[in-house]
Visitor: 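This structure is in C-alpha cells; I'll ask about it shortly.
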There are 2 protein chains.
Amino acid sequence: MLRNSAAEIPHDCGECPIRHRAVCSRCEADELERLDQIKYYRSFQAGQTVIWAGDRTDFVGSVVTGIATLTQTMEDGRTQMVGLLLPSDFVGRPGRASAAYDVVATSDLVMCCFRKKPFEDMMAATPSIAQRLLEMTLDELDAAREWMLVLGRKTAREKIASLLSIIGRRNASMNGQENTRERVFDLPLTREAMADYLGLTLETVSRQISALKRDGVIVLEGKRHVIVPDFDRLLIEAGDDCDGGLLT
Amino acid sequence: MLRNSAAEIPHDCGECPIRHRAVCSRCEADELERLDQIKYYRSFQAGQTVIWAGDRTDFVGSVVTGIATLTQTMEDGRTQMVGLLLPSDFVGRPGRASAAYDVVATSDLVMCCFRKKPFEDMMAATPSIAQRLLEMTLDELDAAREWMLVLGRKTAREKIASLLSIIGRRNASMNGQENTRERVFDLPLTREAMADYLGLTLETVSRQISALKRDGVIVLEGKRHVIVPDFDRLLIEAGDDCDGGLLT
DNA sequence: GTCAAACTTTGATTCAGATCAATGGGAAAG
DNA sequence: CTTTCCCATTGATCTGAATCAAAGTTTGAC
C-alpha cells in the first residue's frame, strides 16, 4: 500500500537539496515564492510506477531524492530505458498533454511537483525558468546522443564499463570527490535494469560484470557496492577518451 | 574546390522556405529585422564537413535546404550517427564554446547562420526565440529517445523498416501527403550512412533492404527511389504501433 | 568510347551475445 | 529455523549480424 510521507518532507525551498541544480535554480526569492504556491511533494516507493506512458498528466516536476527510470516498451514486451532520472532532473514536458514514457521509481522517491497549467503560465512569464529548462534539456539531449553511441557501436564489455563510468562520474560530481584515482559507489540499478539501459540481456550484464571483476577493473562488495581502483582504466575499458569526453 | 553560391540564395526572410518551422518561426517583423542583421548564408557541397567535433564554433544556424548528419566517432574509427538534420533543423548549442559532434553535409546544403554571441544576446532578450528553441530541443530529445529503442532493441530488419518509416513520415509531412496508403520518396542516405544511423554494417543494410524488397514491403527504382505500397505494413515491420507512435 | 572511383549486392564463414536451463545466495515472512 | 521469493551467477547451445571476400552497377572523367 502507498504510504504518503509528505509530512516528513521539508517544504522550504531554502533547505531543498536540489535548490541549486533544478529547474528553479535561477529563480529569485519572489519567483520561488510564486513557485511555492503551485508546488506539492509526492513520495513513491521503490518499484512504483510514477507515470504510465500514454496517460494524461497534470503535473511536471523535479526529482528531489531517489532514482527513477524513463522506459519505452514495445508491444511484444521488449523494453529500452531511455533516461535515468537522478535528483534535480526534470520530469514531464510542458506543452504536452500525455506522457511519452513510463516513469518508474527505482528507489524510494520524492518529487517536487508543479501543477502543469500554472507551471506553463509561469514559464511563459519567467525567463529564468525557461532558460534553465532549455539548458537542462540540451544537457539531456547530449546525454541521449552519447548513449546512442553506446547502444549502437559498443561491445557488451564497453557498455558495462560505460554505465559504471557514468554512474561513477555523476556520483563524484555530487560528492565533490572528483579527480581521485579510486572511486567508490553503489549501483542504483538491478542487473535487469542495467540490461534495459544497455540493450543487453541480464545474463550478459552479469557475465561482463564478472569479467571486469576477474580482470581487476572493478572490485565488488556484495552485489551492489562497487570499488573502482583506477578510474582511468575503467574509461579505457569503456572505449572513451581518457579526458572524459565532450562536456566541460 | 568550394564554390560559395551565396549570391543565388534568397536573403529575404519573407520568402524563406523554413520561415514557419525554424527557430525564428515565432518572431515578429521587428525581431526578424534584428535577426537579419546578424545572419548570413553559407553553402556546402555534398560530402563537405560543416563543423568538426571539438572545434571552436562562432556560429549557430538553421538548415535551409539539403541534408546534414550529426556524427560521433570513437578513436578506433567506429562511428554512430546521432542526428539527421533536415531543413529547419537547428545546428549548434548556444552557450557552448566548442562543437560536440561532426556535422557533415550529405547533400548540397544551404545554412542560415547567426554569429553566436549576438544570437545568444538576442535569445536572452527575445522570449519567442528561446521558446521555439526549447520546443525544438524537446522534439529532438523525443526523437533521440525513440532512436535509442531502435538501436537497443530492434532487429536489423526492424531497424531498416524504422528508418524508412521515419523518412517516409517526415517526407509526407513536408509535402502534405499524409494519410495515403502508398508513399513514395528518395533515400537521402547511402547504405553506409544508413548503417551508421542504425548501428549496423553496410552489408547488413543492403541485405535487409533486399529482403524487404523480396517480401514486397517496398519497391525500389534504382538504388535510392523507394515506393512503399502499404505504409501500415511498413510500420508493422518496424515493430511500431500502427497508430504512429507517441507524437500528436 | 574506355577507365576509374564510389557505391551496392551477394556469398561464405565466424563470433558475440541471445536463449535456454540450472544453480546459488540473501532478505523478509512465517 | 525453514520457506519463499527475488535477484544474480554460471554453463551449454544457438543464431543474427559481423567479418572477410568477390562481383556487379552507376557515374563521371578523360
Side-chain angles (χ1 to χ4, degrees), chain A residues 1 45-47 74 76-80 104 106-108 150-164 186-215 218 220-226 237 239, chain B residues 1 45-48 69 74 76-80 104 106-108 150-164 186-215 218 220-226 237 239:
Chain A
M1 201 51 235
Q45 289 182 289
M74 294 170 69
D76 62 6
R78 281 177 281 178
T79 65
Q80 175 65 50
V104 179
T106 286
S107 67
D108 287 346
V150 173
L151 289 171
R153 294 301 184 193
K154 291 196 178 179
T155 65
R157 170 184 265 245
E158 289 170 334
K159 284 178 175 181
I160 297 290
S162 296
L163 178 57
L164 294 176
D186 283 311
L187 283 175
L189 301 173
T190 65
R191 300 289 184 262
E192 186 177 23
M194 288 190 254
D196 282 346
Y197 207 146
L198 296 167
L200 298 170
T201 60
L202 66 89
E203 293 96 328
T204 298
V205 170
S206 184
R207 274 186 251 273
Q208 295 300 332
I209 288 179
S210 298
L212 289 174
K213 190 170 59 175
R214 190 182 328 112
D215 298 345
I218 59 173
L220 275 188
E221 278 174 4
K223 311 288 185 194
R224 297 293 192 89
H225 194 71
V226 179
E237 292 287 353
Chain B
M1 203 47 238
Q45 290 183 288
Q48 244 191 304
T69 62
M74 294 171 68
D76 62 6
R78 282 176 282 177
T79 64
Q80 175 65 50
V104 179
T106 286
S107 67
D108 287 346
V150 172
L151 289 170
R153 292 302 184 191
K154 291 195 179 181
T155 65
R157 170 184 264 243
E158 289 170 333
K159 283 179 174 181
I160 297 290
S162 295
L163 178 57
L164 293 176
D186 283 311
L187 282 174
L189 301 173
T190 66
R191 299 289 184 262
E192 186 177 24
M194 288 190 254
D196 282 345
Y197 207 148
L198 296 167
L200 298 170
T201 60
L202 66 89
E203 293 96 327
T204 298
V205 169
S206 183
R207 273 186 251 275
Q208 295 300 333
I209 288 179
S210 298
L212 289 174
K213 190 169 61 175
R214 190 183 329 111
D215 297 344
I218 59 172
L220 276 188
E221 278 173 5
K223 311 286 184 196
R224 296 295 192 88
H225 194 69
V226 179
E237 291 287 355

Visitor: The side chain of B:Arg224 lies closest to which of these nucleotides: C:dT8, D:dA17, D:dA8?
Guide: C:dT8

Visitor: Quick check: closest heavy atoms across A:Ala156 and A:Gln208, and the distance to 0.1 Å?
Guide: CB-CG, 3.8 Å

Visitor: Counting the atoms with a prime plus P, OP1 and OP2 as sugar-phosphate, which does A:Ser206 contact under 4.0 Å by heavy atoms, base, sugar-phosphate, or nothing?
Guide: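 Base contact.
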
Visitor: Just N and O in the side chain of B:Ser210: are any of them under 4.0 Å from OP1 or OP2 of C:dT10?
Guide: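 Yes.
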
Visitor: If you go through the side-chain atoms of A:Glu192, does one of them form a donor-acceptor pair with the base of D:dC6 closer than 3.5 Å?
Guide: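 It does not, because no donor-acceptor pair links the side chain of A:Glu192 to the base of D:dC6 below 3.5 Å.
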
Visitor: Can you check the B:Leu202 CG to D:dA18 P distance for me, whole Å?
Guide: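 Atom-to-atom, B:Leu202 to D:dA18, this comes out as 10 Å.
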
Visitor: Is there, by distance only and without an angle test, a donor paired with an acceptor across the side chain of B:Arg191 and the base of D:dT26 below 3.5 Å?
Guide: no

Visitor: Measure NZ/B:Lys213 against C1'/C:dT10 and give the value in whole Å, please.
Guide: 11 Å

Visitor: Checking side chain to side chain contact (heavy atoms under 4.5 Å, CB included) between A:Met194 and each of A:Leu202, A:Leu187, A:Leu164, which is the one that passes?
Guide: A:Leu187

Visitor: Which atoms form the tightest heavy-atom contact between A:Glu158 and A:Arg153, and what is the distance?
Guide: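 Looks like OE1-O, 4.5 Å.
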
Visitor: Tell me the interatomic distance from A:Asp196, atom CG, to D:dC7, atom P, rounded to whole angstroms.
Guide: 13 Å

Visitor: Check whether the side chain of B:Arg207 and the base of D:dG16 form a donor-acceptor pair under 3.5 Å.
Guide: no

Visitor: Does atom CD of A:Glu192 have more than 12 heavy-atom neighbours from other groups under 6.0 Å away?
Guide: no

Visitor: Report which part of the nucleic acid B:Gly47 touches: base, sugar-phosphate, or nothing (heavy-atom distance under 4.0 Å, all strands).
Guide: nothing

Visitor: So A:Thr201, base contact, sugar-phosphate only, or nothing? Heavy-atom distance under 4.0 Å.
Guide: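 Contact class for A:Thr201: base.
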
Visitor: Can you check the A:Leu220 CG to C:dG24 P distance for me, whole Å?
Guide: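 Nearest whole value for this atom pair: 20 Å.
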
Visitor: Measuring to OP1 and OP2 of D:dA18, would you say a side-chain N or O of B:Thr204 lies under 4.0 angstrom away?
Guide: yes

Visitor: Mind checking if A:Arg157 touches a base, just sugar-phosphate, or nothing, with heavy atoms under 4.0 Å?
Guide: nothing

Visitor: Side chain of B:Glu203 only, heavy atoms from C-beta on: which candidate in D:dT9, D:dA8, D:dA21 is closest?
Guide: D:dA21

Visitor: For the helix from C:dG1-D:dC30 to C:dG30-D:dC1, what angle separates the axis at the start from the axis at the finish, each from five pairs, in steps of 10°?
Guide: 30°

Visitor: Figure out the CG/P separation between B:Leu198 and D:dA17, and round it to whole Å.
Guide: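 Taking CG of B:Leu198 and P of D:dA17, I get 12 Å after rounding.
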
Visitor: Here's a test of your reading of the structure: between A:Arg153 and A:Ile209, which maps to the more 5' nucleotide of DNA chain D?
Guide: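 Comparing both residues, the 5'-ward one is A:Ile209.
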
Visitor: Under 3.5 Å, side chain of B:Asp108 to main-chain N/O of B:Ala46, donor-acceptor pair present?
Guide: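 Here the side-chain-to-backbone pair exists.
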
Visitor: Within the distance-only criterion (no hydrogens, no angle test), does the side chain of A:Gln80 pair as donor or acceptor with the backbone N or O of A:Asp196 below 3.5 angstrom?
Guide: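 Answer holds: yes.
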
Visitor: Nearest whole angstrom, please: distance from the C1' of D:dC7 to the NE2 of A:His225.
Guide: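 Between C1' of D:dC7 and NE2 of A:His225: 19 Å.
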
